[in-house]
Every structure is written in structure tokens, then in C-alpha cells.
Amino acid sequence: MTDDTIGGRGVNAPDVVRRDLSTEALLTVRDLRVEFGKKGQRPTTAVDEVTFEIRRGEHLGIVGESGSGKSVTSLAIMGLLPATGVRVSGQIMFDGEDLLAASEKRMRDVRGRDIAMIFQDPMTSLNPVVTIGTQISEVIRGHRDMGKAEANERAVELLRKVAMPDPGRRMKEYPHQLSGGMRQRVLIAIALANEPQLLIADEPTTALDVTIQAQILEILKQVVADTGTALIMITHDLGVVAGLCDSVHVMYQGRVVESAQRRPLFAEPRHPYTGGLLASVPRLDSPRGQPLKPIPGSPTDVLPWTQGCAFTPRCANRIDTCTEKTPALKIEGQRALRCFNPLTLSSAGGATP
Amino acid sequence: AESSRDSGGGGDDDTTSPSDGADPSAGASGGTFIFAGSADPVTLDPFFASDGESFRPARQIFEGLVGTEPGTADPAPLLATEWETSEDGLSNTFQLQDGVTFHDGADFNGTAACWNFDRWYNTPPGVGQTEDQAYYWISLFKGFAKGELTDSVYESCTVDSETEITVKLTEPFAGFVAALSLPAFSMQSPDAIEQYGATGQDDPSQSAYATEHPTGTGPFVFESWVKEDQIVLTRNDDYWGEPALLEQVQIVPIAEPKARADALLAGEIDGFDLVGPADIPRLEDEGYQILNRPAFNVLYLGFNQAVKPLDDILVRQAIAHAIDKDAVISASMPEGTAPALEFVPETVEGYTEDVPTYEFDPEKAKDLLAEAGAEDLELEFNYPTDVTRPYMPSPGDTFNAIRSQLEAVGITVKPSADVWDPDYLDKISGSKDHGIHLLGWTGDYNDTDNFLGVFFGRKSSEWGFDNPELFQALNDARGLPTVEEQIPVYEEINRQVMEFLPGIPLASPVPSLGFAPNVKGYVPSPVQDEPWNLVSVEE
Amino acid sequence: MTERRRETAEEASSKPDSTNDQLLVVRGLKVHFPIKHGILFDRTVGAVQAVDGVDLDVPRGRTFGLVGESGCGKSTLGRAILRLVEPTAGNVRFDGVDVASLQGEKLRSMRRRMQMVFQDPLASLNPRQSVETIISEPLRAHGIEYSKKNRVREVLDLVGLPASAATRFPHEFSGGQRQRIGIARAVALEPELIIADEPVSALDVSIQAQIINLLEELQERLGLTYLVIAHDLAVVRHISEEIAVMYLGGIVEQTDSEQLYLTPRHPYTIALMSAVPVPDPAIEDHRQRILLSGDLPSPANPPSGCRFHTRCPYRQETRCDTERPELRLISPGHRVACHYAEEIVAGTVTPKVDAALPV
Amino acid sequence: MTMAPPLMSPSDPMLGVDPEHGTSLWRGAWRRLRRNPVAILGALLVLAFVLIAVFASALAPYAANSREWASEVTLTSVPGPREGNLLGIDRYGSDLYSQLLYGARQSLIIGVVSTLLGLVVGAMLGILAGGLGAKVDMVVMRIVDILLSIPSLLLAVSIVAVLGQNRYAVMIAIASAQVPVFARLLRGTMLSQARSDYVLAATSLGLRRRTIVMGHVLPNSLGPTIVQATLNLSTAVIEVAALSFLGLGESDPAVAEWGRMLVAAQDRFASSPQLALWPGLAIAVSALGFTLLGEALREALDPKGRR
Amino acid sequence: MLRFVVRRLALMVPVLVGLSILLFVWIRALPGEPARSMLGQRATPEAIERINNLYGFNDPVLQQYFTYVGRLIRGDFGESTRNGDPVVSTFFDQFPATIELSFAALLFAIVLGIPLGYWAGRRVGGWLDNVIVSTSLLGVVTPVFFLAILLKLVFAEYLDWFPTSRRSDARIEATHITNFYVLDGLITREWDAAWDAIVHLILPGIALGTIPLAIIVRITRAAVADVMGEDYVRTAYSKGLDPAIIRNRHVMRNALLPVVTTIGLQTGLLLSGAVLTESVFEIGGIGRYLFEAISQRDYPVLQAYILFIALIFSIVNLLVDVSYGVIDPRVRVS
Ligand SMILES: Nc1ncnc2c1ncn2[C@@H]1O[C@H](COP(=O)(O)OP(=O)(O)OP(=O)(O)O)[C@@H](O)[C@H]1O
Ligand SMILES: Nc1ncnc2c1ncn2[C@@H]1O[C@H](COP(=O)(O)OP(=O)(O)OP(=O)(O)O)[C@@H](O)[C@H]1O
Ligand SMILES: [Mg+2]
Ligand SMILES: [Mg+2]
């Protein structure tokens, strides 16, 4: 990478085909279903029928509001869901191996080496009592046969790669001595330490200010591009996805309701929820005075998927079928959609060019 | 008579001791004897001590001019072989034992003896001249050369020769010779005191001498004192009397009677003082020895006549008839304890059986109460908690037993308990604010005044009565020059007191010592004059 | 040069006063939180200069937006206006009354006219009070006659909550509904000014629009004046007529919403604008992005001169690090605190391309 | 501009919400308590304890402190369990079982009164410190520091020493050892509550300071204090016993008080262990009841506990 | 850090001064006179009066206070009214016993409590958790002295595994240098004496340590449960680290923070408990002595000891805060 793409003023050229996507899937998630339930309580289904695949080098976005199951999906892939009170079913094929069937020991090898993750809150995701250096080098040494000094060197190099100023000194510092943006860089450095094939970023910028968010996204883009790592970007910020991802999956209440390549998705959202999201978010570039069209109700107004479409109570497009049958995810060409009465092109309130 | 410190063993009148092991030849020589007292000594300079625990090591390290007959409270020769009191009782001549040396090698002789008397008399004014420190000197000799208290009974000591001294008094003091058997008046090494006796602090009981260099003539030599832990004494090989059989003795403090018994049972100690009555059967069952000291104490139920209607003799008599001393004893005192007839124990001069008695008779008690117009009598009953005294081994139980008996004759009892020191003592001796109470006294040496005078010698808030006749009688008796003259007088006073009935003497509980089965030669003494030179611990 | 500058400064501070009806006038407001240190007795060794000299004019009946990064002092400014924290210097005139001079009862009754809506709706509601109590308590406190049932119902209705909500407790509601309760509590007193501190940032994206619309509707119905504080430029721009951009305790640019979007003048505003992602791939793919280096400096130890100079891509050798630029009018209704605002527009001052990595 | 969302059913917008969201916080806590077996066990123990204390005279076969069999008690032996005396005779000649039942009364009264006293005084100090500003806070907290720097038992002992040996002195002594604990706890929670947004909101609404402190801050701060009080009941029961052990407390040796019974039995441990075991057990079980209840209450009120 | 320490030490001054005044007034409010304790059972009123005059007990309280402070400034804490021992020297004679005991108790509590708390906290609600928590609750609710008596009865008297009382076996030769018997034994290489001292500490240590043990278990459990839910632990798991590293570096190091504070707060509890434990096991430490001083109105001892204890208490808490800084870098800088 070159300095001028990140520092000062950078220009992102329109690169529609930015990456060389291999055709073979790196990760295939099929019919993932996660149920939570303590003994004696009715289990709640947090994630259901989630199916997607990601190829090497691909950037995949998962969008949805709070509680829609984005994090649970990613934790399921990492095998980090709590050991008790959870039932996971389906298939998570990673590089030909079903991770759901893998032993804990095997998962330890995979985590941090083949698949890495960045979490939402940089303030709490670093251990406050361990130096930055140790937190980076431990993941290197945990997966590679490497001496302390060598691991430290590599850590410094990683910090430099995420544009951490004065990386040598930072090694000895503790998380509280860093700002939020810098901590997120450390977390990125940790995630990329072993050049994983897949990086899952769970809302990596939500907790940050816009100017910092821009820095972080830029760094993330750079390092991922450099290493050819596939990226799953989880976010509720449609703007982030718009500039970053090749394909986008929109989740609502644990299920994917729409997935498509990003351009068609933003240009013509078909699911009323996707459309609603796009229409309800104020846009910086929209002229003042243009009213927002909120999605009515609140995320707690839901119908269980078993009784129809979960979005029905808030849906302006609902028809009687919506409460009679459960919609299935139907693939229409490049797009998958879970809706009985999708938006037509004209009614889509979303993207204005 | 011979002292037990001389060869010849356990003394002539065979003692109350069940231990027949006083045969020294049977005891193996050497070994260590560990004995538990109830507290750490305050000081090792006995002159500035007044507590039994300080006297315990002092009895081993030091000797006075006068000792006691083993097993009794009667004076016997010790460092003085014989003595003579002048007709007027003002002059006493002592012949001293020859060839005695202090542990530091200095000779014990007339000069050293008079040096001791002069030291006592010349105690510098200040802290040392309080009853807190020189308790026995002040209570017996009344004053010092200088300071606030100058009217001393002591006048002078003259060295007649290396083996004879004469002690002059300013007034007759019949108990003088007996008093010298107190450890407080032990002979101490002048050299050692001069060397170590200076105190940085103004408190003479804490001088280097008193804590690290006590030097006497006794069968054991001071070795070390780790406070709150142990005192170690070793055999004095140059002892003038019968050298100790034991190589070493240790005195350790264990506060709770039960803990002492436990320690003995566990083999951690060889013997201990003040056995709790409840532990006696336990120890005996396990084959341990219990030795009883001849009782030299009395426990009584006192009446505060400042509180109505206790000033009514009928009420006092009623209470006396209400109490079943035997039941009280069986409920709260060790076996073998005899009920008390009067305010002095049997062993003390002046004791007489010919005193008014009040037999247990609840009906009579009720009648007397009715007669006194005190049927609905309600009494505050004071007793101490958290204390055991030789005369009061289990105050709660004693209280409980008496309370039941009083309630049986219709008296309502209002219990009022306090911590012994100082709350309880303050309340009883220092305030008018009490009703009937449990208290007692252990004698220091064989002197009737040490009991009766202490109790009734003056007007006190303990009793709340003013009986000038009694006070005068006691004062006069004290002034008689010889014991022989005193005896009939005290017998009469005892009768008088029991007539007046200021309280009810309950019992003289026997204080017990506990020993491992292999301890031999321990001779209990009513006044705790128990040198350990003849004690042995068999393998 | 200096002469001219002084003139513009005077112009800047006098002009808005003379124009139309200003409900809220803030002048030279400073809030410094002392940093105390000491062995035995605390000495003040420094101060967090959370708000450091802010002038603000909020016209009656309009919405004024305040935007800036986290920690730049927005909340503190809002609180200082309401005297929820004591200002260190400066004054706040509300409808002509100097708020700082008010004490005790007078201050209390003044509060009735200025209300606040908080960021975290749950935290700002007493968990032990029912909605009815929450709404009626301030009425009682101000001795306002009201018919309990009706007024509460009325207010609930106004914010789009059913009457049945009255007997419930805050934690039984969803985030958006809680924010409605918070708004209901504020409007119940019929205030003239509402300061909304991040009213939507804790809410789910799909709800934010509801609340924004509600605020707008209430303004229409009740003739309210808003001071909306937010870090989300898009939100602020959507609802505000006038926007002030705040950076490290001071206002760096202030103008009307349209102007700000079209012609941002301050380098910070320019960067901020370029950093906001837009949910439109077509735009995103072609956007020019100005990345700022580094983080917001600590307000306890702000940079000398222009507070922004440490991160500014347009930073010049002179003045930026020595002289603090004043907020000056550079075109009608557009005030900027930058020495080189004109030069940047003119293109004579350009961003440094070789600026360091985003540090 | 549509503002009322079309589908939000006006009758009940909270359909199908999470079951945890019942009603008020306390009721939520109550729900969680009822489902917690530990809480139930604790509550049962406490209930049994209270019932025994209240109905001791009805439950006990003999009068309190009767000493009916005093004549059978000697220094070395005490009648053991037998017909008519379920657990035997105590060392002062009363029925041990009856004494144990009456002992509950003493323990409960002393425990409750002293804890309440400590709570009230401590809470007042806490409110002063937490609600009246920094100067008062400083003074009160220094006093609390001073009290806290003396080990609680020694504090209690010295108070009994001043006030004399009686039940009231014991209550006051135990209470005073609790005062600083409550004061500090309440002050801490009040100060942290005072920083929360709803207090800021109350101020901005123009509520009076007193209303804010007493009506908003205090009620929200009481939770931990109440939990602490429950736990302290258990400490109080034990502390009564400890004071008795040190010879301080109720002055009548025969009175049915567990600590005293336990202590009085000490020297007969070897021959009549039942004299100590039963009161010891009684103390432990009643203290356990309060502790379990307190712990469960703490968990129920702890927002983190609602996983 | 140094600044912090100095500041904390300085803050202790007003507390200690306040305490000394409070104590002074308080102690003189105690009914009953020290003179009575000094003179014993049959003290005459005259003798009491003389003592009161000599020691100035009759002076106005204020004057007494200034006399006292005057002596304090000269480093003179006075002498016990009961036995005339200089207060400072007895304190240092006895204090090692109490420290040794408290240390044994803490050691027991920590060594057992932290692992137990960890195992319970890892799976809150699991059977292991339930067993550990309920057992530790039993520990809290058993009165210290009752436990002490029981332990002594069972393990010392009945089973005869341990000595019944005291700090050392009188039969074992031991040289005392520091009065910390274990330490003394080690210094002088009298191994048997050291071992003997350790053996004597076991039962009292367990008795005194049980409540702290229960508390430490509970706090550790809660802390571990909290930390297990922290984001950084999730991060650690997501790195695929060795479980031991996660446990030690990520979970325990953070969970120990509240535990350390708690351990500091145990000081008061330990001293309270020491009064009782020292009585049961006949250990000549400050607990028992102080209790006697209270009941016998030993003013100088009371004053000095409570001040010393408060001082120690504060210092321990300071140490806790300092060690907090050592474990928690966040505290270090400010
Ligand atoms: N450990 C758990 N136990 C029970 N339910 C859980 C657990 N973790 C998550 N859930 C539930 O699963 C659902 C999905 O949660 P998830 O964290 O995946 O949402 P999300 O989309 O990541 O939301 P956010 O944007 O807030 O991070 C939620 O309803 C949540 O309550
Ligand atoms: N009571 C206080 N004491 C000391 N410093 C404070 C206090 N309140 C705020 N600050 C500091 O003042 C600065 C401005 O804080 P403020 O809350 O006003 O920022 P903000 O712009 O509202 O940020 P955010 O977007 O995070 O809410 C921050 O650095 C903050 O740490
Ligand atoms: Mg999430
Ligand atoms: Mg803010």
C-alpha cells in the first residue's frame, strides 16, 4: 500500500472488479440454525435458515438491525457460542471441513489462524491488564512456532501495517493508553496476525466517530486487499456496506430476507424491510425537507417466523398471505428474496442516484 | 520445722496431698517440667508484684527469710533459721542461714538481708509507691522513708553479724513474721538490682532486672522470658538446700481452665493450676492426678445494707435460712468443698466452730420474711461473669443455684452480671448501686486480719453498714503483739460477725492442681508456697 | 490585516443579535472542569476545557443543529445552557433573561421553559416511576394545574403512545417508545426550547426516523425551538435549519444547513462531510475522501493556535499553530473559524498529500 | 407526516415482549426470587426462624428459663435426651429444647432491632453524605473512615463496655458496627445514581433538590442497602453470640440466648457436647437463612443477574 | 504512584488524629476506673485516689489529652495500667503472633478460595458451583469461635493431630529473634521449631480463615463470572489461544482485581476474628490483649493499640491499592 491512499486526501477509484474472486467457495454456511434455551424454558431461535457462501477475497456484508442475529451467525462460524444452552444445527463448511463437527481443539487451531474476527467495541475487546504487544504476539505464538523476539518483531510490523504511529512504543503500552481508533487498529492487527483466509468484522466501526470510522475502514480495506483475505462485514450502517461489499445479505429476526450484489440491492431493494431501511435513514446528500419514511413499529413487534413473515406487523406491503404462510428464500437470478409481496421498482423508496 | 527445701521430703505432718510421690529418690533426676498458669506474670521482681502468677516463678527463683510449713500456711524457717520477737513486739532478731549465695554468686548475709529491707523502705516516691506496685509493703508496713505515705510500721534493719539481723518496727505487728513468708519480701541480690534495677521508665516493675535478670537464692535460676509465651528456669546447681531434681522448668500461660486441661490431656504440659471443676472427672478418668490445695479462701454472699430491707436482720436471716449450701456446692464447686461456717477458712487462726449457724429451712425463711414484712422481696443479685477465682470457680452456676433457692422462698431475683475487672469490683466496692452479691477472698498468709480486717475493718460500700464496735474490735485485735493473744479475740469477733450476719459465708472451695500421671513430688500449699525442687517427671 | 480581522469579529458577534428574534443567545461560554491534584489539599492544576468560548444564537421557532465528534463538548455546552453544569465564563440569555444570574426558585421556574431530551432514553427515566408519574411529576413540581388523567393522556397521545402506557414502567418499552416517553416528559411542561442531546443515536436505525419525524411534528404543532446535538451529520443536516460544527470545545463553522452541505468552508467540516458514508454504491464508489490523521486531542491539553491544526490537511506554516482563529463571517450567514478559509475556497491553499498516515 | 405508526396496536403495544419485562423492578426481582430454589430455601429457613421466635411460648413444652431440673445438674453431668426432654436439660436446669425455641426470639429481636438501628442511622449518614454535597460528604465520610478503621467486634465490645451489660447495649453495639457499612454503601450508590441521566433529567425539569434526593436518588439506591441489611441480619445473629462468648451481653446466664447457651456449654464440651451443638447449629442455620435470602435478593436485584 | 502513596499517607493523618481524639473521649467515657483494675479486689478508696492523682486520671479530659499528645510527640505511648509494660514494646511483642495467625488464615483462604472461586465462576449455576457456593456459605454462617472450638475438639483433642493451644510446643527449643515463630525457626535453622510453629498455626488459621475463605470464594466466583462475559475474553477465545493462557492471562488477571481489594478489606474482619481465635487457642496476640484492655480500662493500651490497628488497617488498604496498581495498569498512570 502506498501512503497517499490512506493519509491526507485519498481517492478511491471506481473499481467494480477490484478483486480476483475465485469461484470456489471458502466458506459455505448452509441452513444454520441457532437456538438459545435454558433448561425448562422455551427455546428462542436467534438464527434460522441462514445460508450463504463466501469466496476467497470476497467481501460480504450482513446488514440488519439490533437483534437480527448477525453476531450470533458470526459467533457460530467461530464456534464461540456459549457451551451450554445453545443448539446449533446446519452446516458450516470451511475449506471443505464442517466446523460444526470439528472438535474444540481443532477449532482452536482454526480460530485466529484461518478465521479471525474483529469485534464491535474496541474499548472492551482488549484485555485492559495485558500490554498491546503481548496481546498481538500471543496470537502469533499460539499458532506458529515462533520465538518471543521474532513474534514481537512481527507484531511491530503488523502495527505498522495498520498505520499505528510509533509501533515500537505501543507494544509496551496498555489498551487504556490508546484511543478508540487506535485500539481498533490493534484489534485489526491481532485479527490479521496469521494472515487468515477469512476475516469476520462485527460492526468494527459502530463505536467510532465518523472521521475515525473512515480511517479504520480504509485501513481494513487496505490490509484485506493486501492479504487477499475474504471479509464478512457485519453492520447496521448501510453506508458502510455500500462502499465496501461485493454482496449483501439483509437479515431480519434471524433470517436472511434479501441478498444481492450491492449495486442492484441499493438501486432496487425488493424486500419491504430493505426498502424501509433505505428510506428511513437520513442521507447527507438528500436535499433538506425531504421527509423520512420510517419503518413503523419497533423491532419488538414481530411475528414468529413460524406464523408467517416476521416483518408483517411493520410491513406496509403486507398482504393476507404474509400471516398465513412462512415465506421461503427464493432465488431470482442474482438475488434471493424472502417475501410474498416484494416492492416493485417504482415503489422502492431507496436509492436515488 | 524443716522446710521442704531441705532434704527430707514432704514435711512432717502428712499433707493433704494425695500425691505420695514425695520420695525424691524415686524421682528421676533431670528432665523438663512444664507447668501452666492462668496468665503471664506482670513482673519478675516480686516486691513490685501482688498477683499469683508473678509469684509463681518468684517462688522458684527467690526465697524469703521465712517460709511456710509444707502444706500449711504456718511460718517456717527458710533463709532465716530462727527468729525471736521482743516482748513489746517491736523488735525481731533473725538468725540467717549460712553459706547461701545468690544466683549471681554474691553471698547472702546480714548485709544483703538488711539491704533488701532498706530497699523496700526506701522505694522512691512515685509509681513504685502505689498499691498497684508495692501492694504488700503498703498494706502491711503502711509507709516509706519518703513520699506521701510516711507513717511506716517499719523502722530499721541492723546487721548484727553476717548471720544475724534485727528488724525494728514502730508499732506491734503480730503478723510480721508470717507476713515475711510472702514472696513480695523475698531476698533479692543487691548486686543484680544495682546493676540492672535502674529504669528508664518510671515504673520499677519493668526494669531490666525485673524482666531479664531476677536474681535470688532459690532452687531455680532464671533463664528466659518470652512474654505471653513462656518463662524458662534452670536448676540452681549451687542451691544451698536440696538441689532440684529437674533440669529445667517452664511456666506457660493458658488463660482458660478448659484449655489448660486440654493441653495437659494432649501431653503439651505436665501440670497446671486452677483446674476447672468440670474438668476434674475428665482428668481423673484418664488417670491424671488432681491435687487439692488446702482451702485458704472463703466465698460469701454479701448483703448491701444500704439497700432496704437488707438492713433488717430478719431479712438477712431469712436469706441465710433459704440457702442450701450443700446444693450450691454440688452445683458449682469441686468435690470435697466444705460449706463455710464463718468468714475465715478453717486453717486460719481464730477459726472457731462455735458461731451462730443458720440451717437450710425454707419454711423458716418464709416466716422470717413475713415477720419482717418483706414477703414480696425483690433483690438485685450481682455476680461477675467471665472470671474464675479459686473461691469462685463457676460464678454463673453458683448464682444460678442460689437464685433458684431464693426464688423457692418467694424472693424475686433480678440478675445483674458484670465483667469482673473493673466493672464488677467497681460496682460492689466502689458504689452503693448493688444488692446481694457474690464475692470472696483468698488469704495471702496466715493472718486473721487478712480476712476479717479486709472485709469488715472499716465502713465500706460493699456492705453498706456502719458498725463502729466491730471496726474498733478489729482495729484493737490487729494491734495485739502476738498471735497467741489474738486468737481468742478473733474467735469472739467471728461469733459477733455471724450474729450480725453481714453476709453468708458459703464455702471454701478447694483449688485443684492437675498433673500428668508421671509427675511426682508436688506438694500443694494453701498459700501456694510450692517450690519445685522436689518435683520430678518420670520418663 | 489584523485591523480587518477585528472588524469582522465585531461584525460577527453584533450582527445576529440585531436580526430577527433570538430565543437563545450564548456569548463566550466556557466550561472548564478543574483537574485537581494535591498531596493534602486539592489544588487545581489544570482544566478540561470542555467548552471554550462558544457564541451561539438560536432563533425562535427554528431548529439549530450542533454537530461534532465525541468528546468535543457538545453535551457540556447543552448542559451549560440549561445550567445543569455551571459555566466557567460567558453568559447565556434566554428570551432576554440572563440564565446565569438566576438562583433558586427563579432558576427552577425558568427551567420549565427550557427542556432537555437525552441520548439514552432508559437511563434518563427513573426506573421506579410509572410513565404517568414521570410525566406528571414536573407538572406538580411547577404547580401547574392539570387534570391528571387528561393531561397525561394528552401528552402521550401527542408523542404517539397509547393511553395504556401510563401505568407502565420504562423498562417495559422498546427503545423508541422510551424516547417518546422522554420527549413526552419534556413537552408536558410546554417549554419554548428543547435541547435534544443525541436524541436518536442510541436507537435502532429503523426507529431513528420515527423519532426525527416526531420531533419535527411537535415543532410544527407546538412552535418549539430546538437545539439538536448529534454526532451524525446526516441526522443534523436533516432536521436543522442552522448548523454549527464544533471541534474541541469551540465552534468552527456555522451556517444554514444547505450552505454547509454545498460549501463547507472549514477544513474540519470538509473532512467530516467526506467521511460520512452514503448508502449508495454509486456515490460511494466515486467519492473523494479526505482522511484526517489522528484522534481528537485531549481537551485538557488542547493544541495551541487553531485547535484543529494537528489534524488539518490544509495546515500552513504560519498562524495555524500560534493564533486561534475567531469565528468570522465570510459570507452572509456563514461563519468560519479558519485563517485560510478564503484561500481554501480560492484553491491557493491545498491539502497536503504527503501528510502522514492516519495517526 | 404520519407519526402514529400504522400497525402499532393502540390497545397494547407491548405484545409478546420478553417475559422478563413484567412490571416494576421489584416485581421483576420478586419473580426471579420465586424461581430461585436458593431463595426459597433461605426464605423457608427465615420463616421457620421467625415463626419459632413468635410462637416460642406455644411451641415450647416448658416455660422459658424454668430451671425445673436444676437439682439434677451437677458440675460434671447434665441429663441428656430423655422422655419429656427431647434434647435433654441445659446446664442451668431448663429444658434444652424449650430454651432453644425461646432462644430464637432473643436472636431475632436482637438481630432485627440492631440491624434496623444500624440501617436507619447508617442510612441517615449515607443520605447526608450522598445528598448534601461535598463538604458534608467529606465530614461524614471521615467519621465513617474512623469507625471503619476499628475492627467491628472491638467497636462493639467497647460500646458494651460503656453501656453496660444488657440486651440494649448489645443491640446498640452491633448496630454501631453496622452504621459505617450502611452509610458507606448507601452513599456510594447514591453518588453513582446521582450521576445518572435521570437525575440530570429531574434537575432539568426543575424539581426541587430534596425531591430529587429523596424521590429519585434514594429509592433507586436502596436495593444494595436492603440486600446488605438482609446479610447483616445473619452477621448480627453471629455477633450476638460472639459478644456472649466474650462474656458480654444478656446478664442472666440462664436466659435462653443461643450465643450464651453455646458459650456456657463450652466447659462441658467433652461430657455434654449436645449443650453446645444445638445452639451452635441454631445460630448457623438461622444465619444461613438470612444469608441465602440476602444472596438471592442480591442476585435478583442485580441487573447483571438477569441473564 | 509515589505521589499517590504520599497523598494517601497524608490523608491518613486527619483520620488518625480524629480517631485519637474520639478514642480519648470515648475511653474516658467508659464507666469504671483503671485504678480499680490496677489495684485489684480490695482497693481502698484512698489508694484509688492516689493512683488517680498520680496518673492524672482526675484531670480535665482536655488537659489529659494534651498531656497525652505531648507524650505522643515524644514517641511515648505510655505504659499499660494493668502491668506497667510499655505499650509499644508489648505491641511489638504480641503483634507478630497476630500477624502470623492472620497470615496463616489469609493463606488458607487465598490458596483455597481463589481456585474454588474460579471453578465455581466458570460455570455459574453448574453443580460444582452449587457445591462450592453452598459449602462456602456454611463457612460464613458458622461463628468463628464455634468453629474454632469444634476444630479443636475434633482435630486436637479427639484425633490428636494438632496441638490444642498456644503458638509453640514448650518442649521444643526455639530461639526467638523476630517473634514470628515460623520465621525465627527458619532464620535460626531450628527446623523443628519452625515446623512446630507451623503446626500450631494450622487449626487457628483454618478457624480464622474460613470466613475470609468464603468471602474470597464468592468474590472470585462473581469476578470470574463477570470476566468470562467480557469482550476481551471473547477476543482471547477468538484468537484460538491455549486454554491455560486464557485462564491465567485473560480471565484470572482481571478477576483478581476485586479479589485483591477484598483481601485488603479482610483485615478488619481478621482482627475481629483474631480476638476470638486467640482466646480459643490461647495465642498471646494483640486481639485477646486488646479485648482485655477494653474490659479492664487499660487506657494507654487501648489508645495506642486501636491507633496502631487503624494505622495498619490503612496501610494494608494502601498496599492493596498499590498492588491494584501493579495488577491494573489503568490505575498506574493517574
Ligand atoms: N447467549 C445468548 N443467550 C440467549 N439469547 C441470545 C444470546 N446471544 C444472542 N441471543 C439472542 O439472539 C438474537 C440475535 O442476537 P445477535 O447478537 O446476533 O444480534 P445482532 O444482530 O448482532 O444485534 P446487534 O446489532 O445489537 O449486535 C437476539 O434476540 C439475542 O437476544
Ligand atoms: N463532569 C465532568 N468532569 C470532567 N470532565 C468532563 C465532565 N463532563 C465532561 N467532561 C469532559 O469534557 C469533554 C467534553 O465532554 P462532552 O460530554 O461535552 O462531549 P460530547 O461532545 O457530548 O461527547 P459525546 O459525543 O461522547 O457525548 C470530554 O473530554 C469529557 O471527558
Ligand atoms: Mg451484534
Ligand atoms: Mg454527549
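Here is the naming used below: chain letters follow the sequence lines, and residue numbers restart at 1 for every chain.
With rounding to the nearest 0.5 angstrom, the CD atom of E282(E) is 6.0 Å from the CD atom of E256(B). Atoms CG and CD, on D169(E) and Q230(B) in that order, are 9.5 Å from each other to the nearest 0.5 Å. Separation of atoms CD1 (I283(E)) and CD1 (I254(B)) is listed at 11.5 Å; rounding is to 0.5 Å. Separating the OG atom in S89(E) from the CD atom in Q206(B) is a distance of 8.0 Å, to the nearest 0.5 Å.
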Can E157(E) and K258(B) be said to form a salt bridge (charged side-chain N to carboxylate O under 4.0 Å, His left out), step by step?
CA-CA 12 Å; E157(E) 292 170 35; K258(B) 179 167 179 297; 3.6 Å; yes
Can you check salt bridge (charged side-chain N to carboxylate O under 4.0 Å, His left out) on R167(E) and D229(B), steps first, answer last?
CA-CA 8 Å; R167(E) 297 178 68 192; D229(B) 192 19; over 6 Å; no
Apply side-chain contact (heavy atoms from CB on, under 4.5 Å) to E228(B) and D93(E), showing your working.
CA-CA 8 Å; E228(B) 298 287 331; D93(E) 282 348; over 6 Å; no
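Only the side chain of Y289(E) comes within less than 4.5 Å of a heavy atom in chain B; its backbone stays farther off. With a threshold of 4.5 angstrom between heavy atoms, Y158(E) does not approach chain B through any atom at all. Residue Q94(E) touches chain B through its side chain alone, counting heavy-atom pairs closer than 4.5 Å. Only the side chain of V226(B) comes within contact range of chain E, judged by heavy atoms closer than 4.5 Å. For I428(B), no part sits under 4.5 Å from any heavy atom of chain E, backbone or side chain. Of the atoms belonging to P41(B), not a single heavy atom falls under 4.5 Å from chain E. Only the side chain of R458(B) comes within contact range of chain E, with at least one heavy atom under 4.5 Å from a heavy atom of that chain.
Heavy-atom neighbours of F180(E) CZ from other residues, nucleotides or ligands within 6.0 Å: above the threshold of 12. Around the CG atom of D151(B), the shell of radius 6.0 Å holds no more than 12 heavy atoms that belong to other residues, nucleotides or ligands.
When all heavy atoms of S165(E) and E268(B) are compared, the closest pair comes out as N-OE1, 3.7 Å. Looking at every heavy atom in both residues, A259(B) comes nearest to K152(E) through CB-NZ, 3.8 Å. Annotation for A266(B) and T164(E): closest pair CB-CG2, 3.7 Å, computed over non-hydrogen atoms.
Ranked by heavy-atom pairs under 4.5 Å with chain E, the first of L265(B), T130(B), D262(B), V42(B) is D262(B).
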